[in-house]
Amino acid sequence: MPELPEVETVRKSLKKVILNKKIVDVEIKYNKIIKNKTDEDFRKLLIGQKFIDIKRLGKYLVFVLSDYYLISHLRMEGKFLVRRDEAIGKHEHIIFYFTDFNLRYHDTRKFGTMHLYSKNKDIKSLVPLMNVGIEPFDSALTIDYLEKHFSKTTRPVKSTLLDQRIISGLGNIYVDEVLFLAKLNPENPTNTLSRKNISDIIKYSKLVLNKAIELGGTTIRTFSSGSEISGRFQNELRIHTKKVCPECGQEVIKIKVGGRGTYHCHRCQPLKRLKKTGD
DNA sequence: CAGGTCTCCTGCTAGC
DNA sequence: TGCTAGCAGGAGACCT
């Protein structure tokens with residue numbers, strides 16, 4: 001499933017293909033992907049638009065067009081495919097036509113979203129992006145910033161790390177990896193973390209995401225014509241989907257935290273106990 | 001207001 | 001073998 005590294009991989013590769021290309025038509029096969037426009041408006045506004053740039057904010061792709069921003073979230077299964085005259089597949093929901101090829105938004109589970117806005121506002125003020133927090137690579141992600149947010153919540157640290165309003169870009173797989181490297185139990189109440197723990201979270205978030213970007217993500221099927229790219233980060237996973245802890249050999253425990261499948265090692269990631277009064 | 005639960009959707013899997 | 005119930009999951013909606 002696409003997380004920040006996957007989205008970054010898509011951004012870079014797609015940029016090579018569609019930059020300066022002009023949309024000549026748009027076909028909408030399933031319209032619930034499009035959140036803030038009617039089918040006709042979406043189509044009419046996009047025809048004639050040229051791709052100027054592709055940016056990324058957290059896990060969102062931002063297509064910068066001549067006059068609009070097209071903001072796309074791939075959620076679990078979204079991908080962009082470059083095709084020519086192949087028949088339109090069952091899961092291809094939105095097709096952008098160019099003179100010599102077309103770009104298809106493919107999404108098996110139909111969870112992805114698109115928002116279209118004119119460029120007269122700052123992108124960070126727009127509806128899906130206004131809640132995107134600081135990325136691990138951003139120097140604004142400091143221990144002080146996280147401590148401020150962490151100190152006031154008792155929810156499990158895993159849930160806090162998945163909260164895109166605080167840190168953006170960590171998804172289910174990468175949070176498990178970060179917590180394993182930081183030797184923190186996913187169920188630890190967030191406000192029990194020390195400054196050292198927070199510092200480790202920042203350090204390992206950068207490490208894990210950078211490594212994953214370098215290797216092209218964890219798993220991704222893709223957009224280039226016919227071909228398929230498998231991210232190589234899946235070979236680097238230490239705890240997520242594992243049966244045995246690579247550090248101590250203990251059996252890896254799988255639980256649910258905040259409704260998400262969560263892997264951790266009971267020995268390497270012990271649960272912190274809340275301070276007892278009078279201790 | 002924080003935090004929990006439901007919802008969206010389809011392919012896959014376990015179980016019979 | 002074929003069927004179905006149940007599950008997975010990011011983020012917004014909705015409820016407490």
Side-chain angles (χ1 to χ4, degrees), chain A residues 1-8 10 28-37 56-62 71-79 81 88-94 104-117 124-136 146-179 186-193 205 209 212 217-221 228 231 234 237 240-243 253-263 274:
Chain A
M1 73 219 64
E3 299 197 22
L4 186 149
E6 285 78 4
V7 177
E8 182 60 15
V10 171
I28 301 162
K29 311 287 284 183
Y30 178 83
N31 66 12
K32 290 175 86 171
I33 305 285
I34 302 162
K35 296 300 175 185
N36 69 335
K37 289 282 182 279
R56 182 187 56 70
L57 253 89
K59 302 180 204 168
Y60 288 89
L61 280 172
V62 181
I71 303 166
S72 164
H73 196 301
L74 306 173
R75 292 290 172 89
M76 331 292 299
E77 314 245 1
K79 44 194 77 96
L81 311 166
I88 293 171
K90 182 182 174 186
H91 302 297
E92 294 169 6
H93 307 306
I94 300 173
R104 306 179 183 183
Y105 179 70
H106 179 291
D107 191 344
T108 321
R109 293 195 190 166
K110 302 178 172 172
F111 270 20
T113 62
M114 288 187 195
H115 289 78
L116 184 64
Y117 289 101
K124 292 191 179 176
S125 72
L126 301 172
V127 155
L129 303 180
M130 59 195 298
N131 291 322
V132 176
I134 302 172
E135 288 188 7
L146 286 185
E147 193 175 42
K148 200 181 104 202
H149 284 277
F150 282 16
S151 64
K152 52 186 185 191
T153 178
T154 58
R155 67 208 289 229
V157 62
K158 169 147 185 180
S159 301
T160 305
L161 294 185
L162 283 173
D163 187 338
Q164 302 297 302
R165 294 169 301 180
I166 301 171
I167 303 178
S168 66
L170 291 175
N172 198 43
I173 296 173
Y174 296 115
V175 167
D176 280 4
E177 295 299 310
V178 168
L179 289 173
E187 292 189 291
N188 280 332
T190 308
N191 64 358
T192 61
L193 301 205
S205 297
L209 290 180
T218 301
T219 301
I220 187 164
R221 259 168 232 156
E228 191 173 280
Q234 55 198 311
L237 294 178
H240 194 85
T241 72
K242 299 297 176 193
K243 296 250 187 285
I253 315 275
K254 189 185 179 190
I255 55 169
K256 285 242 182 197
V257 179
R260 305 280 172 261
T262 299
Y263 296 80
L274 283 167

Check your understanding: Does His73(A) make a side-chain N or O approach to OP1 or OP2 of dG10(C) shorter than 4.0 Å?
Key ->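 Negative; the distance criterion is not met.
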**Study point:** Side-chain N,O (Lys90(A)) to OP1/OP2 (dG11(B)) below 4.0 Å
**Key:**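 Indeed, a polar side-chain atom of Lys90(A) lies that close.
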Review point. Does Thr108(A) have any side-chain contact (heavy atoms from CB on, under 4.5 Å) partners at least two apart in sequence or in another chain, and if so, which?
Key: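 For Thr108(A) the side-chain contact (heavy atoms from CB on, under 4.5 Å) partners, ignoring immediate neighbours, are Glu77(A), His91(A), His106(A).
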Check your understanding: With sequence neighbours excluded, what pairs up with Arg56(A) under the side chain to side chain donor-acceptor pair (under 3.5 Å) test?
Key ->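 Side chain to side chain donor-acceptor pair (under 3.5 Å) check on Arg56(A) returns Glu8(A), Glu135(A).
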Practice item. Using the test side chain to side chain donor-acceptor pair (under 3.5 Å), find all partners of Glu92(A) that sit at least two apart in sequence or belong to another chain. Key: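 Scan of Glu92(A) (side chain to side chain donor-acceptor pair (under 3.5 Å), adjacent residues dropped) gives Arg104(A).
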Rounded off to whole Å, could you give me the [atom1]-to-[atom2] distance for the [X] and [N] pair?
X	N	atom1	atom2	answer
Tyr60(A)	dG12(C)	OH	C1'	9 Å
Ile255(A)	dG9(C)	CD1	P	13 Å
Leu57(A)	dA11(C)	CG	P	13 Å
Asn131(A)	dA13(C)	CG	C1'	13 Å
His91(A)	dT10(B)	NE2	C1'	7 Å
Ile166(A)	dA11(C)	CD1	C1'	14 Å
Lys256(A)	dG6(C)	NZ	P	14 Å
Glu77(A)	dG11(B)	CD	C1'	8 Å

Review point. What is the ring orientation for His93(A) with Tyr105(A), classed by angle as parallel under 30°, tilted 30 to 60°, or perpendicular over 60°?
Key: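 Tilted: the ring planes of His93(A) and Tyr105(A) meet at 30° to 60°.
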Check your understanding: Which letters describe nucleotides 2-9 of chain B, given B = protein heavy atom under 4.0 Å from base, S = only from sugar-phosphate, - = neither?
Key -> -S----BB
Exercise for review: Indicate the atoms forming the closest heavy-atom contact of Lys158(A) with Gly261(A), along with that distance.
Suggested key: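 Residues Lys158(A) and Gly261(A), closest heavy atoms: NZ-O, 3.3 Å.
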Practice item. Can you tell me which stems DNA chain C forms, taking runs of 3 or more consecutive Watson-Crick or G-U pairs with both distances under 3.5 Å? Key: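 Only these stems qualify: B:2-16 with C:2-16.
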Check your understanding: Thr190(A) and side-chain hydrogen bond (donor to acceptor under 3.5 Å, both in side chains): which partner among Asp163(A), Thr153(A), Thr154(A), Thr160(A)?
Key ->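 One option only clears the test, and that one is Thr160(A).
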Exercise for review: With sequence neighbours left out, write down each residue that passes salt bridge (charged side-chain N to carboxylate O under 4.0 Å, His left out) with Arg260(A), or none if nothing qualifies.
Suggested key: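 Listed in chain order: nothing, the list is empty.
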Check your understanding: So do the side chains of Leu237(A) and Glu177(A) get within less than 4.5 Å of each other, counting heavy atoms only?
Key ->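 Yes, their side chains come closer than 4.5 Å.
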Point to revise | Within-4.5 Å side-chain heavy-atom neighbours: Asp176(A) and Thr241(A) | key: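 Contact flag for Asp176(A)/Thr241(A) side chains = no.
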